[in-house]
Amino acid sequence: MSDEILRQLADILEKRKQAAPDSSYVASLYSKGLDSILKKIGEEATETVIAAKDGNADQLVYEMADLWFHSLVLLAHQGLGPDQVLKELERRFGLSGLDEKAARKQK
Ligand SMILES: N=c1c2ncn([C@@H]3O[C@H](COP(=O)(O)OP(=O)(O)OP(=O)(O)O)[C@@H](O)[C@H]3O)c2ncn1[C@@H]1O[C@H](COP(=O)(O)O)[C@@H](O)[C@H]1O
């Protein structure tokens, strides 16, 4: 288990930018534009919340995967990728508790 799957998926999402809209789910989502991608993220976030409130662990993992996947689609659409997010998480992890609070206040 590693972050390699995120990078492999990000590579595929990048390639889908050249694909015809009717050739794949991701290509079709790109063709519908930013608002459609954001709508999907909203839906998947809601489904994640419902699964958590239901106490259904399997469903929670399933919906969270949908949410992560659509978040990767959003990042790709915006010219970003998982590396930038992982780097930010690593930066936060490297901060001490006090430094992290200070960094958050500066934002
Ligand atoms: N990981 C995923 C993935 N996770 C979720 N989904 C799609 O995201 C959608 C989730 O939407 P919903 O939960 O609302 O389910 P739905 O009602 O069936 O979907 P809609 O009809 O509402 O769009 C479904 O259509 C899923 O198929 C994904 N589609 C693709 N991938 C990966 O993305 C890559 C590129 O996919 P394609 O563009 O389809 O080739 C592939 O390698 C896949 O492994």
Side-chain angles (χ1 to χ4, degrees):
M1 180 70 186
S2 76
D3 50 19
E4 192 52 35
I5 183 63
L6 296 178
R7 298 201 172 101
Q8 287 178 358
L9 203 41
D11 284 348
I12 292 174
L13 298 183
E14 212 47 47
K15 288 185 180 126
R16 289 293 184 267
K17 290 179 180 176
Q18 319 302 328
D22 59 358
S23 66
S24 93
Y25 173 74
V26 174
S28 121
L29 202 45
Y30 285 148
S31 74
K32 292 177 192 162
L34 178 62
D35 283 0
S36 293
I37 297 170
L38 296 176
K39 186 163 174 272
K40 275 319 274 189
I41 288 185
E43 288 169 10
E44 303 306 347
T46 302
E47 286 166 12
T48 299
V49 168
I50 292 168
K53 291 291 279 182
D54 286 349
N56 185 333
D58 289 344
Q59 192 66 22
L60 177 57
V61 169
Y62 186 90
E63 300 299 351
M64 188 71 78
D66 273 352
L67 180 57
W68 284 21
F69 169 71
H70 285 90
S71 299
L72 289 172
V73 173
L74 173 63
L75 286 171
H77 183 268
Q78 300 298 96
L80 297 165
D83 279 345
Q84 281 98 337
V85 179
L86 292 171
K87 198 173 162 196
E88 173 60 15
L89 288 172
E90 279 170 9
R91 186 190 69 79
R92 294 179 194 180
F93 192 72
L95 296 172
S96 73
L98 279 175
D99 287 346
E100 186 171 11
K101 277 181 195 160
R104 285 179 196 280
K105 275 186 186 166
Q106 280 173 11
K107 283 190 180 172

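Atoms within each ligand, like the ligands themselves, are counted from 1 in listed order. Keep in mind that what you see is a predicted model, and the values were worked out from it rather than measured.
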Exercise. Non-hydrogen atoms of E44 versus ligand 1: any pair closer than 4.0 Å?
Worked result: yes
Problem set entry | Contact atoms of ligand 1, heavy-atom distance to I12 under 4.0 Å | 34 (C), 35 (C), 42 (O)
For this session: Take atom 1 (N) of ligand 1 and look for protein heavy atoms under 4.0 Å from it; say yes if you find one, no if not.
Result: yes
Exercise. If Ile, Leu, Val, Met, Phe, Trp and Tyr residues are connected whenever their side-chain heavy atoms lie under 4.5 Å apart, and connections chain through other members, are I12 and L86 in the same group?
Worked result: no
Problem set entry | atom 11 (O) of ligand 1: any protein heavy atom closer than 4.0 Å | yes
For this session: Consider ligand 1: state whether an atom of it lies below 4.0 angstrom from any non-hydrogen atom of L29.
Result: no
Exercise. Do the side chain of H77 and the main chain of V73 share a donor and acceptor less than 3.5 angstrom apart?
Worked result: no
Problem set entry | Identity and distance of the protein heavy atom lying nearest atom 40 (O) of ligand 1 | R16 NH2, 2.8 Å
Exercise. How many angstroms lie between atom CD of E44 and atom CH2 of W68, to the nearest 0.5 angstrom?
Worked result: 14.5 Å
Exercise. Out of curiosity, I37 CD1 to D35 CG, how far, rounded to the nearest 0.5 Å?
Worked result: 9.5 Å
For this session: Enumerate the atoms of ligand 1 whose separation from the nearest heavy atom of D66 is less than 4.0 angstrom.
Result: 4 (N), 5 (C), 13 (O)
Exercise. Would one find an N or O of Y25, backbone or side chain, under 3.5 Å from an N or O of ligand 1?
Worked result: yes
Exercise. Ion pair present between D11 and R7, side-chain N to carboxylate O less than 4.0 angstrom?
Worked result: no
For this session: Record the part of V26 in heavy-atom contact with ligand 1 below 4.0 Å; permitted values are side chain, backbone, both and neither.
Result: both
Problem set entry | 4.0 Å protein heavy-atom contact status of atom 26 (C) of ligand 1, strictly under | no
For this session: Return the minimal non-hydrogen interatomic distance between L67 and I41, and the atom names on each side.
Result: CD1-O, 3.8 Å
Exercise. Are any of the protein's heavy atoms under 4.0 angstrom from atom 44 (O) of ligand 1, yes or no?
Worked result: no
Seminar exercise, completed: shortest atom 8 (O) of ligand 1-to-protein heavy-atom contact is with H70 CE1, 3.3 Å
For this session: Considering non-hydrogen atoms only, spot the tightest contact between L72 and P82 and give its length.
Result: CD2-CB, 3.9 Å
Seminar exercise, completed: shortest atom 28 (C) of ligand 1-to-protein heavy-atom contact is with F69 CE2, 3.3 Å
Exercise. Side chain to side chain contact (heavy atoms under 4.5 Å, CB included) between L74 and K40: does it pass, once the steps are laid out?
Worked result: CA-CA 10 Å; L74 173 63; K40 275 319 274 189; over 6 Å; no
Exercise. So, Y62 side chain and A57 main chain: donor-acceptor pair closer than 3.5 Å or not?
Worked result: no
Problem set entry | Heavy-atom protein contact below 4.0 Å for atom 21 (O) of ligand 1 | no
Exercise. Among protein heavy atoms, which sits nearest to atom 16 (P) of ligand 1, and what does the distance come to when rounded to 0.1 Å?
Worked result: K40 NZ, 4.8 Å
For this session: Please report which non-hydrogen protein atom sits nearest to atom 38 (O) of ligand 1, along with the residue it belongs to and the distance in Å to one decimal place.
Result: S24 OG, 2.6 Å
Problem set entry | L9 neighbourhood, listing ligand 1 atoms whose heavy-atom distance to it stays under 4.0 Å | 32 (C), 33 (O)
Problem set entry | Residues E88, R91: salt bridge by 4.0 Å N-O rule | yes
For this session: Please check if the side chain of N56 supplies one atom and the backbone of Q59 the other of a donor-acceptor pair under 3.5 Å.
Result: yes
